A.B. asks: 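First, the structure itself, so that you have it in front of you.
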Number of protein chains: 2
Amino acid sequence: MDEAGQADRAEQGDRPLRVARIQDVAKLAEVSTATVSRALASPERVSPEARARVFEAIAKTGYVPNPAARTLRSQKTYMVLVVLPDLANTFFSRILRGIEETLFEAGYGMIIGDLDGSPEKEAHFSAFTGAGRVDGAILLNGHLFGQRRDGSGQAARLSIPLVALCEAIPGADIPQIEIDNREAARRMTEHLASLGHSRIAYLSGPPENVLERERFKGYQDGLEAAGIAFDPSLVIPGDFTIGSGVTAGQDLVARAKRPTAVFCTSDEMAIGLMRTLLSAGIRVPEDMSVAGFDDIEFAAVAEPALTTIHQPRRELGQAAASALIDLLQGRPSPRSIRLDTELVIRDSVAPLR
Amino acid sequence: MDEAGQADRAEQGDRPLRVARIQDVAKLAEVSTATVSRALASPERVSPEARARVFEAIAKTGYVPNPAARTLRSQKTYMVLVVLPDLANTFFSRILRGIEETLFEAGYGMIIGDLDGSPEKEAHFSAFTGAGRVDGAILLNGHLFGQRRDGSGQAARLSIPLVALCEAIPGADIPQIEIDNREAARRMTEHLASLGHSRIAYLSGPPENVLERERFKGYQDGLEAAGIAFDPSLVIPGDFTIGSGVTAGQDLVARAKRPTAVFCTSDEMAIGLMRTLLSAGIRVPEDMSVAGFDDIEFAAVAEPALTTIHQPRRELGQAAASALIDLLQGRPSPRSIRLDTELVIRDSVAPLR
DNA sequence: CACCCCCATGTAAACGATTACATAAACTTT
DNA sequence: AAAGTTTATGTAATCGTTTACATGGGGGTG
């Protein structure tokens, strides 16, 4: 105290009245604020002695740089927005973890934008990127936002680096991280066919969804490869949720001529479907085989354990985050990545009797 | 162009070279920046004419306030941090939605801090709150952070409003939003006892967890109320995950003298447990009843459908967010809230034969 | 009519960093 | 030893708002 002189807003007694600023550190270390800033941003550009004094002063004052000031000046937020269609969907949580991990290691924070099917929210998150609250964004929702519906000149805003994850965005010139949905669906369909099934139903996702469209193509590819004619009556509408699986099950139960196998384009639907079948006395896989897609945690402990397509969710998240970080740091980023899936054979699919 | 004079950084041709600043709006509307700022923050304090001109200018320029500058000056970020132990856990996703919804409506963004069991990350998120990157935080992890492990004077930082959700933080003087875990566990235990079960096992959560401790007390309360002696050998260690349910199942299968009912303190464990029992030929509920806790989406479609305790997850999230917003906006906030749970009876529990 | 008060607005000082530019010292190179 | 180069540091402008304070005009009141 007797040394600091008139440091009127510095610490007093014990606890700082106010958070320390770079000025306080500079004064204590007897250097300029520029040197403190440099000591933090690029230590090698500061002499060892000064650096030591600076770090000592930082420790003593408990200084933490003010992010707002930093952002204002440097135009960097060290924040990334992750936009996804449905936060309550199990499928995304592991992906989010993969993203978060990787961002975290690189010093970035993650802001979540849960669209929840509302276009109003979409506009909101679009504004987020436009206003410079984040340095970049990872889009899991299958399309770019920001293109105003009214088409007015409402400004195409400051554009920031974007990465598409899982749902490819056709025509967008950004890195796209995904799996080969078509190929995976083909593989599963062929797998079912190879076990003797020929009446293979397809429980779909929402028709406008990109994943759905790819998987549907794969289903058709698979039928074709197996020499099975496509039967539109075996395509059941769904939307990836447990509930739509339950509904689809009721549809099947009511049919006179049932398929012998059902390929569901999400595990959630498969689990909901099996539930309805079992309640109606239809045994899985004895009476009907059921296959899923995603390999969520519950797939392995479903009853019966679900045969499905494994997606490397954590790795997908990590890859997307890495690609974005590359972009943010001016490094060249891979245009597109396709991660491998795996056909996981469990108990819900059996050879045709 | 011929009107603006030397507006060298204003729009040119069609698209703005640079995002519009408050200055640009002020110039166009022929008012000062202060008026623009006021027109946005408190429209009633600006004359209708000026207001109209300002809004017109905002529309014309596509102006969006710079959040960093705003934060720097006003010390408000309009961001909230949500700290949770495990983002990949299904239980949290609906809660997050409730939180996000409510924050969104109030104009706040949500930053997720997934601890993932790492103390290193905890320190990181603590720094988040300390550095003023967020206005407040919702803690789902059951304890406050910021109290340095080394006990050094490392500064108790700027403290921001906090709310505890789900896991109460003993001794913390902040709003706590939770359910009555003890009461709910008691109710389930009594329910099992009322069906004739007296050998009721308890599949626990992690021993240090607050929820676990409360539920365990409730289990004991329930036994006592039913006049059943507590048997430590019926307490099986778990950690809320599917995997620990599977492991617990193996333990039970190996036992000579099995319980007739198992109360699992999470649905995930219950589902994992049932899986193992069924694989080993132990029927649920005929040979053993299984009860869960949480009522996650999969509980209703498990095979058999799971009898469990329903937690109003969305409402929990909403309540926590509301409490935090009250705090942030200087309104009095309820000290603590306990939301009601519900005993959901499905098929996994049956009377003792 | 003089006084006071209120209202709408403007002026300019923060907020707390980063960084372009300037400067001085130390080291190379010829 | 002079000139040029590199290195370490400091000075001060800048990022784009919000807001305390100042100002001037209009309307009430005594």
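Note that this is a predicted model, so its numbers are computed, not measured. Chain naming here is simple, since letters A, B, ... match the order of the sequence lines and numbering starts at 1 in each.
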A.B. asks: Who pairs with A/Glu30 by salt bridge (charged side-chain N to carboxylate O under 4.0 Å, His left out), at least two apart in sequence or on another chain?
C.D. replies: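 For A/Glu30, no residue satisfies salt bridge (charged side-chain N to carboxylate O under 4.0 Å, His left out) once neighbours in sequence are set aside.
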A.B. asks: Reading DNA chain C from 5' onward, which residue's closest nucleotide shows up sooner: B/Glu44 or A/Pro65?
C.D. replies: B/Glu44
A.B. asks: At how many degrees, to 10°, do the end axes of the helix from C/dC1-D/dG30 to C/dT30-D/dA1 meet when each uses five pairs?
C.D. replies: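 Overall, the helix from C/dC1-D/dG30 to C/dT30-D/dA1 bends by 30° from one end axis to the other.
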A.B. asks: For A/Met79 versus B/Ile111, what's the shortest heavy-atom pair and its separation?
C.D. replies: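 That closest heavy-atom pairing would be CE-CD1, 3.8 Å.
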A.B. asks: Roughly how many Å is it from CZ in B/Arg45 to P in D/dT19, rounded to a whole number?
C.D. replies: 11 Å
A.B. asks: Do any N or O atoms from the side chain of B/Ser126 and from the backbone of B/Glu122 form a donor-acceptor pair under 3.5 angstrom?
C.D. replies: no
A.B. asks: Look at A/Lys27 together with A/Asp24 and state whether they make a salt bridge at an N to O cut-off of under 4.0 Å.
C.D. replies: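 No salt bridge links A/Lys27 with A/Asp24.
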A.B. asks: Round to a whole Å and report the spacing from CZ of B/Arg21 to C1' of D/dT14.
C.D. replies: 11 Å
A.B. asks: Anything under 3.5 Å between a donor and an acceptor, one on a side chain of residues 163-176 of chain B, the other on a protein residue two or more places apart or in another chain? List them.
C.D. replies:
| unit_1 | atom_1 | unit_2 | atom_2 | d |
| --- | --- | --- | --- | --- |
| B/Glu167 | OE1 | B/Asn209 | ND2 | 3.4 |
| B/Glu167 | OE2 | B/Asn209 | ND2 | 3.2 |
| B/Gln176 | OE1 | B/Ile169 | N | 2.8 |
| B/Gln176 | NE2 | B/Ile169 | O | 2.9 |
| B/Gln176 | NE2 | B/Ala172 | O | 3.4 |

A.B. asks: Can you name the salt bridge (charged side-chain N to carboxylate O under 4.0 Å, His left out) partners of B/Glu56, sequence neighbours left out?
C.D. replies: B/Lys60
A.B. asks: Give me the distances for all protein-to-nucleotides 22-26 of chain D N/O pairs that come in under 3.5 Å?
C.D. replies:
none

A.B. asks: Round to the nearest Å and state the distance from B/Leu72 atom CG to C/dT18 atom C1'.
C.D. replies: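 Checked: the CG to C1' distance equals 12 Å.
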A.B. asks: Of all of residues 48-55 of chain A, which get a heavy atom below 4.0 angstrom from DNA chain D, listed by number?
C.D. replies: A/Ala50
A.B. asks: Sequence neighbours excluded, which residues qualify as salt bridge (charged side-chain N to carboxylate O under 4.0 Å, His left out) partners of B/Arg97?
C.D. replies: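 Partners of B/Arg97 under the salt bridge (charged side-chain N to carboxylate O under 4.0 Å, His left out) test: A/Asp86, A/Asp114, A/Asp116.
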A.B. asks: OP1 or OP2 of D/dT17 less than 4.0 angstrom from a side-chain nitrogen or oxygen of B/Tyr63, does that happen here?
C.D. replies: yes
A.B. asks: Where is the tightest heavy-atom contact between B/Ala50 and B/Thr35, given as atom of each residue plus distance?
C.D. replies: CB-CG2, 4.4 Å
A.B. asks: Which pairs, with at least one residue in residues 63-80 of chain B and sequence neighbours excluded, count as a salt bridge (charged side-chain N to carboxylate O under 4.0 Å, His left out)?
C.D. replies: none
A.B. asks: Quickly work out the A/Gln75 CD to D/dT17 P distance and round it to whole Å.
C.D. replies: 11 Å
A.B. asks: Among residues at least two apart in sequence or on other chains, which ones pass salt bridge (charged side-chain N to carboxylate O under 4.0 Å, His left out) with B/Arg94?
C.D. replies: B/Glu297
A.B. asks: Using whole Å, report how far CD of B/Gln23 lies from P of D/dT14.
C.D. replies: 13 Å
A.B. asks: Using whole Å, report how far CZ of A/Arg70 lies from P of D/dG16.
C.D. replies: 18 Å
A.B. asks: Counting C-beta onward and ignoring hydrogens, is there a side-chain heavy-atom pair between B/Val54 and B/Val46 closer than 4.5 Å?
C.D. replies: no
A.B. asks: Salt bridge (charged side-chain N to carboxylate O under 4.0 Å, His left out): which pairs involve residues 36-54 of chain A, sequence neighbours left out?
C.D. replies: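 Passing the test, one end in residues 36-54 of chain A: no pairs.
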A.B. asks: With side-chain hydrogen bond (donor to acceptor under 3.5 Å, both in side chains) as the rule and sequence neighbours excluded, what pairs involving residues 315-326 of chain B come up?
C.D. replies: B/Glu101-B/Gln318, B/Asp326-B/Arg331
A.B. asks: For nucleotides 19-23 of chain C, list the nitrogen or oxygen atoms of the protein found under 3.5 Å from its nitrogen or oxygen atoms, one pair per line.
C.D. replies:
| unit_1 | atom_1 | unit_2 | atom_2 | d |
| --- | --- | --- | --- | --- |
| C/dT19 | O4' | A/Arg73 | NH2 | 3.4 |

A.B. asks: If you find the nucleotide of DNA chain C closest to B/Ala69 and the one closest to B/Ser47, which residue's nucleotide is nearer the 5' end?
C.D. replies: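 Nearer the 5' end of the strand: B/Ser47.
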A.B. asks: Looking only at heavy atoms, which two atoms of A/Leu324 and A/Ala137 are closest? And how far apart?
C.D. replies: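 Minimum heavy-atom contact is CD2-N, 3.8 Å.
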A.B. asks: For the pair made of NZ in A/Lys27 and C1' in C/dG16, what is the distance, rounded to whole Å?
C.D. replies: 14 Å
A.B. asks: Whole angstrom is fine here: how far is it from CD1 in A/Ile58 over to P in C/dA17?
C.D. replies: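 It is 10 Å, rounded to the nearest whole Å.
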